[in-house]
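Below: one structure, written as structure tokens.
Keep in mind it's a predicted model, so treat the numbers as computed, not measured. Chain identifiers are assigned alphabetically (A, B, ...) following the order of the sequence lines, protein sequences preceding nucleic acid strands; residue numbering begins at 1 within each chain.
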There are 2 protein chains.
Amino acid sequence: MADPHPALLMFIGARYVEQRVSEAVLAAGYDDLTPAMARAAARLRDDGIRVTEIAEQARITKQSASVLVDLLERASYVERVPDPADARARLVVLAPRGREVQKVARRVERAIEREWTRHLGAERMAAFKAALTDLREITDPYR
Amino acid sequence: MADPHPALLMFIGARYVEQRVSEAVLAAGYDDLTPAMARAAARLRDDGIRVTEIAEQARITKQSASVLVDLLERASYVERVPDPADARARLVVLAPRGREVQKVARRVERAIEREWTRHLGAERMAAFKAALTDLREITDPYR
DNA sequence: CCTCAATAGTCAGTCTTACTGACCAAATCC
DNA sequence: GGATTTGGTCAGTAAGACTGACTATTGAGG
């Protein structure tokens, strides 16, 4: 490829991080997490999230999201609790085991960010992150 | 998310481009291209490529790549020609119909690059692309 | 209040797109 | 010139996505 589109380079970088994280999580002994489960789990917030919200953000149907949450729940990574604000809905929250995995993932993510900063230098890295953040404004329909 | 990891932002951008391109291709009347077929087709080069190479670059097994090439061939997007340099191998090359789709895709990609340049400014865009290219050195095992 | 459209979620069934394992034929190594 | 590597296919299976139909709750209008 003579001059690859920025999007391809972005994809390559994102895929690299996903692989590094999933390897580390596997190495830490969590071998029952599939990539799809992990991607769904990555959407979790501390205050809980609805299945429908996971689906929107991950761009999958609510049925698919529901299956993934089932799997995560069965493996004790998350719990479903009733949403106090809406009796139709249930909130997906991290269970203790999920919080442990999250810690492992966060640690790898920070390590990669340091590696990238070392490679580009602090200044270029900051500019890079700022550009990504600005581009999100025109590429991310979910804020 | 308070401070999303750069990789998430990269993923969001890459996904946006893939969606824009696939929408345009669909709108141009090519409705028999699945996302997986398109991703495989995106690896094609003018001088032809081997199925095994597609597999390596797309990080899928050669069997999966072979199936996708079959589908692309059946839909007249590509052809398989014997590799003059190796009688075991066959080169996957774009067929006329494939070249038409490629034109549509390239057009959208250029349009998006212009939009991004408008949003960031030419200077920041250039720096952004340079940073992506540099990061590729440490994130892309296939050079 | 009371209907009724919208929303949160599930169930059932299907298709796409991966995977593993076994295998063949040509090329390359020693 | 036999053994190993490489390019690719065939067969079978599983993960993960989709559509469509359905239930229960919410919230808005009359």
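- In this structure, Gln19(B) atom CD and dA17(D) atom P are separated by 14 Å, rounded to whole Å.
- The phosphate of dG8(D) (OP1 or OP2) has no side-chain N or O of Arg88(B) nearer than 4.0 angstrom.
- Taking 4.0 angstrom as the limit, Arg90(B) places a side-chain polar atom (N or O) nearer than this to OP1 or OP2 of dT9(D).
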Show your reasoning for whether salt bridge (charged side-chain N to carboxylate O under 4.0 Å, His left out) applies to Glu53(A) and Arg43(A). CA-CA 9 Å; Glu53(A) 253 184 294; Arg43(A) 311 286 166 176; over 6 Å; no

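- Residue Thr61(B) places its side chain closer to dC19(C) than to any other of dA17(D), dA27(C), dC19(C).
- Of the side-chain N and O atoms in Ser66(A), one or more sit less than 4.0 angstrom from OP1 or OP2 of dT10(C).
- Atom-to-atom distance recorded for Ile49(B):CD1 and Glu56(B):CD is 9.0 Å, nearest 0.5 angstrom.
- The CG atom of Leu68(B) sits 9 Å away from the C1' atom of dA18(C) (whole-angstrom rounding).
- Distance NZ (Lys62(B)) to P (dC10(D)): 13 Å, rounded to an integer number of Å.
- Rounded to 10 degrees, the angle between the two end axes of the helix from dC1(C)-dG30(D) to dC30(C)-dG1(D) is 30°, with five pairs used at each end.
- Side chains of Leu44(A) and Val78(A) form a contact here, defined as non-hydrogen atoms less than 4.5 Å apart.
- Separating the CD1 atom of Ile60(A) from the P atom of dA15(D) is a distance of 16 Å, rounded to the nearest angstrom.
- Formation of a donor-acceptor pair under 3.5 Å by the Arg97(A) side chain with backbone atoms of Ala75(A) is found in this model.
- With a 4.5 Å cut-off on side-chain heavy atoms, Glu23(A) and Val108(A) do not count as touching.
- In terms of position along DNA chain D, the nucleotide closest to Ala89(B) lies nearer the 5' end than the nucleotide closest to the other residue of the pair Val67(A) and Ala89(B).
- Looking only at side-chain heavy atoms (C-beta outward), Phe128(B) and Arg124(B) stay at 4.5 Å or farther from each other.
- No side-chain donor-acceptor contact under 3.5 Å links His119(A) to the backbone of Ile138(B).
- OP1 or OP2 of dT9(D) has at least one side-chain nitrogen or oxygen of Arg80(B) nearer than 4.0 Å.
- Distances shorter than 4.0 Å separate some side-chain N or O of Thr52(A) from OP1 or OP2 on dG9(C).
- Between Arg20(B) and Glu115(B) there is a salt bridge, with a side-chain nitrogen of the basic residue lying less than 4.0 Å from a carboxylate oxygen of the acidic one.
- Picking from dT9(D), dA26(C), dA8(C) the nucleotide with the shortest atom distance to the side chain of Asp86(B) gives dA26(C).
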Identify each atom pair where a protein N or O and an N or O of nucleotides 12-16 of chain C are less than 3.5 Å apart, giving names and distance.
none

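- Each of Leu68(B) and Leu91(B) belongs to its own hydrophobic cluster when Ile, Leu, Val, Met, Phe, Trp and Tyr are linked at side-chain heavy-atom distances under 4.5 angstrom.
- Whole-Å rounding puts the Arg50(A) CZ to dT10(C) C1' distance at 16 Å.
- Residue Ile54(A) contributes atom CD1, which lies 19 Å from atom P of dT7(C) at whole-angstrom precision.
- For Ser64(A) and dC18(D), the shortest distance from a side-chain N or O to OP1 or OP2 is below 4.0 Å.
- For Leu72(A) and dA15(D), the CG to C1' distance is 14 Å, given to the nearest whole Å.
- Glu53(B) has its CD atom 13 Å from the C1' atom of dT6(D), to the nearest Å.
- In this structure, the side chain of Ser66(B) does not engage the main chain of Lys62(B) through any donor-acceptor pair within 3.5 Å.
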